[in-house]
Amino acid sequence: MSKRHDAVFDDVLKDLGEEAQPRDRGGARFLKRSNTMAEQAGGQRQEKVLRLVDPATCVMWERHNRAYELLTAENCRDLIDGILSQGQQEFPAIVRRLRPAHSGDGPEFEVICGARRHFAISWLRANNYPKFQYLVEERELTDEEAFRLADIENRDREDISDYERACDYAKALGHYYDGRQSVMAERLKVQEQWLSRFLDMAKLEPRVVAAFPSLHAVKELHSRTLKPLMKTDAGRAAILAEADVIAAEQAKARDGQGALVPAAKVVARLKTVAQPPKTRAAVDKVYRRHPEERGVQMRRKGSRVQLEFEKDVPDAALRRALEDFLKDRSAGKS
């Protein structure tokens, strides 16, 4: 036990009274060890093995739910600055062992949770801070347990896009739950309807996804909005064609030619091409006494009749037009 820990322990003991305190430092160590063993035996304490490792000895789990290639110093800046400020990585990543230590070449651990932490430490080591090491907690996990652990840790994080999460759920459905959506929802402790929306999102056409300014800009709500519009062949073809046009514009913007098309405008444009403006029904009759009057337009809609007129039509002209309409109605002509 370190001197610092001894000092903390002695400070706690001083309030117990002189008769309760061990007479020597060795006794304090024995008492602490005895208390720890008792807590472990009683299930009140769980020991975790943390390690500081070179991030180069770790690889991302192949089913990790984060696109590691999208991580940059810019979108990890908050974490990098936090590690620099604290002088260390505060929270361990969760890893599984791939091979025994010193048993050969290749990575030693695979990262289940902690891709951003891995990137941040790797970046710091490559940028004048070689003493930083990657703090990890090694666990024994099945693939399904690893998936659920990663999902719990990252479900509410805004830096993982809805689309990444949707694709991860779609893969997991087949890998771990034999395509049984209800079983998966139960294991994840989520509503089946909520899960269903994300599984639908994973089916979104890649050409549509490419039309958005980034993966993070694609939201589950966008998928829900576009899904019914792509059910017909005509709607699907129109949306895909417009998505290709927008994707080309986004590519030019990334090359410095103009601004990126924001997600809201992307969705608006895709909706517009899938829903051409409705043509108004032809006017059945116009009631007016003189050609220069705008009068009242009449349209039949099934069993209903619609009358339209400009708000500034003079009262006298409106009254005459309505009188003519009522005469026709009485005569059975309207």
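Here the structure is a predicted model, which means the values were calculated and not measured.
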### Message
Keeping Gln250 on the side-chain end and Val261 on the backbone end, is there a donor-acceptor pair under 3.5 Å?
### Response
yes
#### Entry: Arg125 side-chain N/O to Phe132 backbone N/O, donor-acceptor pair under 3.5 Å
yes
### Ionic contact status for Glu249 with Arg269, cut-off 4.0 Å
yes
### Query
With a 4.0 Å cut-off, would you call Asp143 and Arg96 a salt bridge?
yes
### Message
Ile239 and side chain to side chain contact (heavy atoms under 4.5 Å, CB included): which single residue from Leu270, Thr272, Asp244 fits?
### Response
Leu270
### Message
Closer than 3.5 angstrom, by distance alone: can the side chain of Ser85 be matched with the main-chain N or O of Asp81 as a donor-acceptor pair?
### Response
no
### Message
Using only atom types and a distance under 3.5 Å, with no angle test, would you say the side chain of Gln89 pairs donor to acceptor with the backbone of Phe91?
### Response
yes
#### Entry: Residues Thr57, Asp54; criterion side-chain hydrogen bond (donor to acceptor under 3.5 Å, both in side chains); working and verdict
CA-CA 6 Å; Thr57 65; Asp54 182 343; 5.8 Å; no
### Task
State whether the side chain of His118 and the backbone N or O of Pro55 hold a donor-acceptor pair below 3.5 Å, judged by distance alone.
yes
### Message
I want to check something: taking the side chain as every heavy atom from C-beta on, are Arg148 and Tyr176 in contact at a cut-off of under 4.5 Å?
### Response
no
### Message
Please check: side-chain N/O of Arg254 versus main-chain N/O of Pro213, any donor-acceptor pairing under 3.5 Å?
### Response
yes
### Task
Determine, using the 4.5 Å side-chain heavy-atom cutoff (strictly less than), whether Met60 and Val95 are members of one ILVMFWY cluster.
yes
### Message
Tell me whether Arg139 contacts the main-chain N or O of Ile94 through its side chain, where contact means a donor paired with an acceptor under 3.5 Å.
### Response
no
### NZ/NE/NH1/NH2 to OD/OE distance under 4.0 Å, Glu323 and Arg319
no
### Query
Is a donor on one side and an acceptor on the other found under 3.5 Å between the side chain of Asp151 and the backbone of Phe147?
no
